[in-house]
Amino acid sequence: VQLVESGGGLVQAGGSLRLACATSGFTFDDYTIAWFRQGPGKEREGIACLSTDDGRTYYADSVKGRFTISGDNAKNTVYLQMNSLKPEDTAVYYCAAHEFPVESDYALNPHVFGSWGQGTQVTVSS
């Protein structure tokens, strides 16, 4: 299982970025893919989750209405569109995969996900 994030960078507050998580080594439709982030001095936080088999999505309250997770099954890639970015969104963003569907209570729990990418830095300036 391999996951490679891309698309991070420096953006001004109010701006947008789209992160991509390219996956390989597993059957994309069978997995649950999620995005997490870890800011300086903070714990890893689950922010968005996608069940690639049925398209269910889950979001943390901190990003709901601003971020959108989506998947392209043909490209085995999951995206995170981030709009209206705030300085508090500054963090390293990771994608992670779990082999089975995840119930909603666990969709944003990092302990559920066993495969992780290396992360991509997002910095939002004020």
Side-chain angles (χ1 to χ4, degrees):
V1 176
Q2 280 197 316
L3 303 103
V4 180
E5 302 95 337
S6 62
L10 173 65
V11 63
Q12 288 188 331
S16 298
L17 281 175
R18 189 177 79 156
L19 305 183
C21 174
T23 73
S24 62
F26 60 93
T27 303
F28 187 76
D29 291 357
D30 292 342
Y31 274 66
T32 299
I33 310 292
W35 284 96
F36 296 82
R37 67 185 181 186
Q38 189 163 15
K42 297 182 180 179
E43 293 186 354
R44 191 163 296 190
E45 174 191 18
I47 55 173
C49 179
L50 172 67
S51 288
T52 57
D53 61 339
D54 62 7
R56 287 178 300 162
T57 57
Y58 307 92
Y59 295 95
D61 288 343
S62 58
V63 305
K64 200 172 293 184
R66 301 188 298 124
F67 291 10
T68 303
I69 189 171
S70 62
D72 185 334
N73 289 28
K75 296 182 178 179
N76 290 351
T77 299
V78 173
Y79 301 97
L80 185 68
Q81 177 66 43
M82 306 187 295
N83 298 329
S84 302
L85 283 161
K86 306 174 182 179
E88 51 263 45
D89 294 317
T90 294
V92 178
Y93 283 69
Y94 301 89
C95 63
H98 177 68
E99 189 176 358
F100 301 105
V102 177
E103 294 188 6
S104 58
D105 287 350
Y106 300 97
L108 301 178
N109 185 331
H111 300 292
V112 169
F113 293 80
S115 301
W116 292 80
Q118 82 289 349
T120 185
Q121 176 70 47
V122 171
T123 303
V124 184
S125 63
S126 57

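The shown structure was predicted, so the numbers you read here are calculated from the model rather than taken from an experiment.
F113 and V78 are assigned to two separate hydrophobic clusters, defined by single-linkage of ILVMFWY side chains at heavy-atom distances under 4.5 Å. Follow the hydrophobic side-chain contacts under 4.5 Å out from W116 and you reach V92 in the same cluster. Using a 4.5 Å cut-off between side-chain heavy atoms of Ile, Leu, Val, Met, Phe, Trp and Tyr, with links allowed through other members, L50 and V1 fall into the same hydrophobic cluster. Hydrophobic cluster membership differs between I33 and V102, with clusters built from Ile, Leu, Val, Met, Phe, Trp and Tyr side chains linked at under 4.5 angstrom.
Using a 4.5 Å cut-off on side-chain heavy atoms (C-beta onward), T68 and Y79 make no contact. A heavy-atom distance below 4.5 Å is not found between the side chains of Y94 and L3. For the pair P110 and Q38, the minimum side-chain heavy-atom distance is 4.5 Å or more. At a threshold of 4.5 Å between non-hydrogen side-chain atoms, the residues V63 and R37 count as touching. Inter-residue side-chain proximity for E88 and S62 is flagged as unmet; no heavy-atom pair is nearer than 4.5 Å. Taking the side chain as every heavy atom from C-beta outward, Q118 and E5 approach each other to under 4.5 Å.
Using a distance-only test at 3.5 Å, with no hydrogens or angles considered, no donor-acceptor pair links the side chain of S51 to the main chain of T32.
For the side-chain contact (heavy atoms from CB on, under 4.5 Å) with I47, the qualifying choice from L108, L80, D89 is L80, the only one to do so.
Ring centers of F67 and W35: at least 6.0 Å apart, outside the cut-off.
Other residues, nucleotides and ligands contribute more than 12 heavy atoms inside 6.0 Å of the CZ atom of F26.
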